[in-house]
Amino acid sequence: MRTPLSKVRGLGSAKDGTEHYRLMGLTSLANVPLTLFFIWQVVSLYGQSYEMVVERLSQPLVAVVMALVMVSAIFHMKLGMQTIIEDYIHGENRKLMLLIANTFFSVFVGALSLFAVLKLGLAG
Amino acid sequence: MSDIESKRPLSPHLTIYKPPVTMVVSIIHRITGAGLYFGILLIAWWLVAAASGEVYFNYATAFMNSIFGHLILFGFTWALIQHLLGGIKHLFWEMGYGFEKESSKKIAWATLAGSALLTIAIWLAGYAVN
(Lines give C-alpha, C1' and ligand atoms only; values in the text may rest on other atoms or scores of the structure.)
Protein backbone atom coordinates (compact mmCIF):
# COMPACT_ATOMS: atom_id res chain seq x y z
CA MET A 1 0.00 0.00 0.00
CA ARG A 2 1.58 3.25 -1.15
CA THR A 3 0.12 6.59 -0.24
CA PRO A 4 0.16 9.39 -2.86
CA LEU A 5 2.74 11.21 -0.75
CA SER A 6 5.15 8.28 -0.61
CA LYS A 7 4.98 7.96 -4.40
CA VAL A 8 6.25 11.47 -5.00
CA ARG A 9 8.78 11.72 -2.17
CA GLY A 10 12.22 12.35 -3.55
CA LEU A 11 10.94 13.14 -7.03
CA GLY A 12 11.46 16.88 -6.92
CA SER A 13 13.50 18.55 -9.62
CA ALA A 14 16.76 18.33 -7.73
CA LYS A 15 15.94 16.00 -4.78
CA ASP A 16 17.47 18.33 -2.24
CA GLY A 17 15.23 21.39 -2.06
CA THR A 18 15.37 21.81 1.70
CA GLU A 19 19.15 21.86 1.79
CA HIS A 20 19.13 24.28 -1.18
CA TYR A 21 16.83 26.64 0.69
CA ARG A 22 18.82 26.39 3.92
CA LEU A 23 22.16 27.05 2.22
CA MET A 24 20.67 29.95 0.24
CA GLY A 25 19.45 31.56 3.45
CA LEU A 26 22.73 30.93 5.29
CA THR A 27 24.93 32.30 2.51
CA SER A 28 22.66 35.32 1.99
CA LEU A 29 23.00 36.14 5.68
CA ALA A 30 26.78 35.69 5.54
CA ASN A 31 27.00 37.73 2.34
CA VAL A 32 25.71 40.88 4.06
CA PRO A 33 28.79 41.54 6.25
CA LEU A 34 31.13 39.88 3.75
CA THR A 35 29.97 42.16 0.92
CA LEU A 36 30.37 45.23 3.12
CA PHE A 37 33.90 44.09 3.99
CA PHE A 38 34.71 43.56 0.32
CA ILE A 39 33.38 46.99 -0.71
CA TRP A 40 35.39 48.60 2.10
CA GLN A 41 38.55 46.87 0.88
CA VAL A 42 38.05 47.83 -2.76
CA VAL A 43 37.14 51.45 -1.98
CA SER A 44 40.17 51.89 0.29
CA LEU A 45 42.46 50.23 -2.27
CA TYR A 46 41.13 52.16 -5.26
CA GLY A 47 43.94 53.84 -7.16
CA GLN A 48 46.61 52.32 -4.90
CA SER A 49 49.83 50.84 -6.24
CA TYR A 50 50.44 47.14 -6.86
CA GLU A 51 52.63 46.96 -3.73
CA MET A 52 49.90 48.44 -1.55
CA VAL A 53 47.26 46.06 -2.90
CA VAL A 54 49.46 43.00 -2.47
CA GLU A 55 50.50 44.10 1.01
CA ARG A 56 46.85 44.48 2.04
CA LEU A 57 45.78 41.14 0.56
CA SER A 58 48.67 39.41 2.35
CA GLN A 59 47.41 40.41 5.79
CA PRO A 60 46.03 37.24 7.46
CA LEU A 61 42.66 38.68 8.43
CA VAL A 62 42.09 40.26 5.02
CA ALA A 63 43.16 37.08 3.21
CA VAL A 64 40.92 34.82 5.30
CA VAL A 65 37.85 37.06 5.04
CA MET A 66 38.43 37.54 1.28
CA ALA A 67 38.46 33.74 0.96
CA LEU A 68 35.16 33.61 2.87
CA VAL A 69 33.74 36.36 0.63
CA MET A 70 34.44 34.25 -2.44
CA VAL A 71 33.31 30.91 -0.95
CA SER A 72 30.02 32.28 0.36
CA ALA A 73 29.32 34.29 -2.80
CA ILE A 74 30.06 31.33 -5.05
CA PHE A 75 27.83 28.89 -3.14
CA HIS A 76 25.12 31.56 -3.22
CA MET A 77 25.39 32.29 -6.93
CA LYS A 78 25.60 28.61 -7.84
CA LEU A 79 22.32 27.95 -6.01
CA GLY A 80 20.74 31.05 -7.54
CA MET A 81 21.68 30.11 -11.09
CA GLN A 82 20.44 26.57 -10.44
CA THR A 83 17.02 28.03 -9.56
CA ILE A 84 17.01 30.17 -12.71
CA ILE A 85 17.86 27.14 -14.86
CA GLU A 86 15.20 25.00 -13.19
CA ASP A 87 12.61 27.75 -13.66
CA TYR A 88 13.17 28.50 -17.33
CA ILE A 89 14.76 25.45 -18.98
CA HIS A 90 12.26 22.67 -19.45
CA GLY A 91 13.98 20.12 -21.69
CA GLU A 92 15.55 17.48 -19.41
CA ASN A 93 18.79 17.16 -21.39
CA ARG A 94 19.38 20.88 -21.80
CA LYS A 95 18.54 21.44 -18.16
CA LEU A 96 21.00 18.76 -17.05
CA MET A 97 23.76 20.15 -19.29
CA LEU A 98 23.23 23.68 -17.96
CA LEU A 99 23.16 22.47 -14.34
CA ILE A 100 26.48 20.72 -14.93
CA ALA A 101 27.90 23.83 -16.64
CA ASN A 102 26.73 25.88 -13.65
CA THR A 103 28.61 23.61 -11.27
CA PHE A 104 31.76 23.61 -13.42
CA PHE A 105 31.73 27.41 -13.77
CA SER A 106 31.19 27.94 -10.05
CA VAL A 107 33.91 25.50 -9.02
CA PHE A 108 36.33 26.99 -11.55
CA VAL A 109 35.77 30.59 -10.43
CA GLY A 110 36.02 29.46 -6.81
CA ALA A 111 39.26 27.54 -7.39
CA LEU A 112 40.84 30.47 -9.25
CA SER A 113 39.86 32.96 -6.55
CA LEU A 114 40.95 30.76 -3.66
CA PHE A 115 44.29 29.99 -5.26
CA ALA A 116 44.90 33.70 -5.82
CA VAL A 117 43.90 34.61 -2.26
CA LEU A 118 46.07 31.84 -0.80
CA LYS A 119 49.06 32.76 -2.96
CA LEU A 120 48.80 36.40 -1.88
CA GLY A 121 48.19 35.49 1.74
CA LEU A 122 50.98 32.93 2.03
CA ALA A 123 53.50 35.07 0.13
CA GLY A 124 53.24 37.84 2.72
CA MET B 1 -2.88 19.14 -25.24
CA SER B 2 -6.20 18.10 -26.79
CA ASP B 3 -8.17 20.31 -29.20
CA ILE B 4 -10.72 21.20 -26.57
CA GLU B 5 -8.08 22.23 -24.06
CA SER B 6 -6.12 24.33 -26.53
CA LYS B 7 -9.20 26.37 -27.45
CA ARG B 8 -9.99 27.29 -23.88
CA PRO B 9 -9.60 31.01 -23.26
CA LEU B 10 -6.54 31.86 -21.22
CA SER B 11 -6.79 34.18 -18.28
CA PRO B 12 -4.87 37.35 -19.14
CA HIS B 13 -2.19 37.99 -16.54
CA LEU B 14 1.28 39.57 -16.62
CA THR B 15 0.73 41.75 -19.67
CA ILE B 16 -2.44 43.59 -18.66
CA TYR B 17 -1.71 44.66 -15.10
CA LYS B 18 0.18 47.75 -14.04
CA PRO B 19 3.28 46.09 -12.51
CA PRO B 20 3.39 46.50 -8.72
CA VAL B 21 6.72 47.77 -7.41
CA THR B 22 7.20 44.57 -5.39
CA MET B 23 7.03 42.56 -8.61
CA VAL B 24 9.41 44.89 -10.44
CA VAL B 25 11.94 44.70 -7.60
CA SER B 26 11.58 40.92 -7.53
CA ILE B 27 12.37 40.74 -11.25
CA ILE B 28 15.29 43.15 -10.79
CA HIS B 29 16.53 40.92 -7.96
CA ARG B 30 16.74 37.95 -10.31
CA ILE B 31 18.30 39.95 -13.14
CA THR B 32 20.93 41.53 -10.88
CA GLY B 33 21.62 38.08 -9.41
CA ALA B 34 22.23 36.68 -12.88
CA GLY B 35 24.41 39.69 -13.69
CA LEU B 36 26.46 39.25 -10.54
CA TYR B 37 26.93 35.56 -11.43
CA PHE B 38 29.09 36.71 -14.34
CA GLY B 39 30.19 39.95 -12.67
CA ILE B 40 32.04 37.94 -10.02
CA LEU B 41 34.55 37.23 -12.78
CA LEU B 42 35.70 40.84 -12.29
CA ILE B 43 36.55 40.11 -8.65
CA ALA B 44 38.21 36.81 -9.53
CA TRP B 45 40.16 38.60 -12.27
CA TRP B 46 41.30 41.31 -9.86
CA LEU B 47 42.49 38.69 -7.32
CA VAL B 48 44.22 36.58 -9.96
CA ALA B 49 45.85 39.71 -11.42
CA ALA B 50 47.16 40.72 -8.00
CA ALA B 51 48.54 37.20 -7.56
CA SER B 52 50.11 37.20 -11.04
CA GLY B 53 52.63 39.99 -10.54
CA GLU B 54 52.95 43.70 -11.14
CA VAL B 55 52.92 43.73 -14.96
CA TYR B 56 49.67 41.84 -15.29
CA PHE B 57 48.09 43.63 -12.34
CA ASN B 58 48.80 47.02 -13.95
CA TYR B 59 47.32 45.74 -17.22
CA ALA B 60 44.12 44.61 -15.47
CA THR B 61 43.71 47.78 -13.42
CA ALA B 62 44.38 49.93 -16.52
CA PHE B 63 41.38 48.25 -18.13
CA MET B 64 39.26 48.67 -15.00
CA ASN B 65 40.27 52.34 -14.80
CA SER B 66 39.28 53.04 -18.40
CA ILE B 67 35.93 54.70 -19.04
CA PHE B 68 34.53 51.40 -20.29
CA GLY B 69 35.87 49.64 -17.21
CA HIS B 70 34.36 52.23 -14.91
CA LEU B 71 30.99 51.86 -16.63
CA ILE B 72 31.07 48.10 -16.08
CA LEU B 73 32.22 48.49 -12.46
CA PHE B 74 29.59 51.14 -11.78
CA GLY B 75 26.88 48.82 -13.10
CA PHE B 76 28.38 45.97 -11.08
CA THR B 77 28.33 48.12 -7.92
CA TRP B 78 24.67 49.03 -8.45
CA ALA B 79 23.70 45.42 -9.15
CA LEU B 80 25.58 44.28 -6.04
CA ILE B 81 23.94 46.88 -3.77
CA GLN B 82 20.47 46.41 -5.26
CA HIS B 83 20.78 42.63 -4.82
CA LEU B 84 22.17 43.11 -1.30
CA LEU B 85 19.27 45.35 -0.25
CA GLY B 86 16.78 43.05 -2.00
CA GLY B 87 18.29 40.14 -0.09
CA ILE B 88 17.97 41.97 3.24
CA LYS B 89 14.35 42.71 2.28
CA HIS B 90 13.79 38.99 1.75
CA LEU B 91 15.39 38.13 5.11
CA PHE B 92 12.92 40.46 6.85
CA TRP B 93 9.95 39.22 4.82
CA GLU B 94 10.80 35.61 5.56
CA MET B 95 10.83 36.39 9.27
CA GLY B 96 7.35 37.86 8.78
CA TYR B 97 8.23 41.55 9.11
CA GLY B 98 7.08 44.26 6.70
CA PHE B 99 5.06 41.91 4.54
CA GLU B 100 1.79 43.90 4.72
CA LYS B 101 0.54 45.46 1.49
CA GLU B 102 1.66 49.01 2.11
CA SER B 103 4.87 48.31 4.03
CA SER B 104 6.02 45.74 1.46
CA LYS B 105 5.63 48.41 -1.25
CA LYS B 106 7.55 50.93 0.83
CA ILE B 107 10.38 48.47 1.43
CA ALA B 108 10.56 47.67 -2.29
CA TRP B 109 10.83 51.37 -3.12
CA ALA B 110 13.42 51.77 -0.36
CA THR B 111 15.69 49.15 -1.97
CA LEU B 112 15.61 51.13 -5.24
CA ALA B 113 16.30 54.47 -3.59
CA GLY B 114 18.88 52.94 -1.26
CA SER B 115 20.81 51.22 -4.02
CA ALA B 116 20.99 54.42 -6.09
CA LEU B 117 22.20 56.48 -3.12
CA LEU B 118 24.66 53.87 -1.83
CA THR B 119 26.12 53.21 -5.27
CA ILE B 120 26.84 56.91 -5.73
CA ALA B 121 28.17 57.17 -2.16
CA ILE B 122 30.56 54.25 -2.70
CA TRP B 123 31.93 55.81 -5.88
CA LEU B 124 32.31 59.21 -4.26
CA ALA B 125 34.15 57.52 -1.39
CA GLY B 126 36.41 55.76 -3.88
CA TYR B 127 37.26 58.99 -5.68
CA ALA B 128 37.75 60.79 -2.36
CA VAL B 129 40.27 58.14 -1.21
CA ASN B 130 42.21 58.47 -4.42
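A, B, ... follow the sequence lines: proteins, then strands. Residue 1 opens every chain.
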*For L36(A), is it the side chain, the backbone, both or neither that has a heavy atom under 4.5 Å from a heavy atom of chain B?*
side chain
*Which class fits the ring pair W46(B) and F38(A): parallel under 30°, tilted 30 to 60°, perpendicular over 60°?*
perpendicular
_I need the minimum non-hydrogen distance between Y50(A) and G53(B), along with the two atoms involved._
OH-CA, 3.3 Å
*V32(A) portion near chain B, given a 4.5 angstrom heavy-atom threshold*: both
_Is the shortest side-chain heavy-atom distance between V53(A) and T61(B) below 4.5 Å?_
no
*Heavy-atom contact with chain A under 4.5 Å, split by part of L84(B)*: side chain
*Kindly work out whether a path of hydrophobic side-chain contacts (I/L/V/M/F/W/Y, heavy atoms less than 4.5 Å apart) joins L99(A) to V107(A).*
no
_Inter-residue atom distance Y46(A).OH - L73(B).CG, 0.5 Å rounding_ = 9.0 Å
*asked:* Rounded at 0.5 Å granularity, tell me how far CH2 in W45(B) sits from CG in L112(A).
replied: 13.5 Å
*Do M95(B) and I107(B) sit in the same hydrophobic cluster, where Ile, Leu, Val, Met, Phe, Trp and Tyr count as joined when their side-chain heavy atoms come under 4.5 Å apart?*
no
_Where A50(B) and L57(A) come nearest, the two heavy atoms and their spacing_ = CB-CD1, 4.1 Å
_Under 4.5 Å from any heavy atom of chain A, what part of I122(B) do you find: side chain, backbone, both or neither?_
both
*Which bit of I84(A) is near chain B, if near means a heavy-atom gap under 4.5 Å: side chain, backbone, both or neither?*
both
*Looking at V42(A), L29(A), V43(A), which makes the most heavy-atom pairs under 4.5 Å with chain B?*
V43(A)
*Look at the side-chain heavy atoms of Ile, Leu, Val, Met, Phe, Trp and Tyr, link any pair under 4.5 Å apart, and say whether I88(B) and Y97(B) land in one connected group.*
yes
_Other residues, nucleotides and ligands only: do more than 12 of their heavy atoms fall within 6.0 Å of OH on Y59(B)?_
no
*Quick one: are D87(A) and R30(B) in side-chain contact, heavy atoms under 4.5 Å?*
yes
*Heavy-atom side-chain contact between V69(A) and I43(B) under 4.5 Å*: no
*In terms of hydrophobic clusters joined by side-chain contacts under 4.5 Å, are I28(B) and L85(B) together?*
no
*Heavy-atom side-chain proximity of M77(A) to L36(B) below 4.5 angstrom*: no
*How about I67(B): does its CD1 atom have over 12 heavy atoms from other parts shown lying under 6.0 Å from it?*
no
*asked:* Between L80(B) and L42(B), is there shared hydrophobic-cluster membership here, with clusters defined by ILVMFWY side-chain heavy atoms closer than 4.5 Å?
replied: yes
*Could you tell me how the ring of H76(A) sits relative to the ring of H83(B): parallel (under 30°), tilted (30 to 60°) or perpendicular (over 60°)?*
perpendicular
_Check: L41(B) and F105(A) side chains under 4.5 Å, non-hydrogen atoms_ = yes
*When only pairs under 4.5 Å are counted, which of Y21(A), F115(A), W40(A) shares the most heavy-atom pairs with chain B?*
Y21(A)
*asked:* Does M52(A), at its CE atom, have more than 12 non-hydrogen atoms belonging to other residues, nucleotides or ligands within less than 6.0 Å?
replied: no
*State, yes or no, whether a side-chain contact exists between I81(B) and T35(A) at a heavy-atom distance under 4.5 Å.*
no
*Looking at L45(A), N102(A), I74(A), V109(A), which has the largest count of heavy-atom pairs under 4.5 Å with chain B?*
N102(A)
_Exercise: identify the closest heavy-atom pair between S113(A) and L47(B)_ = CB-CD1, 4.2 Å
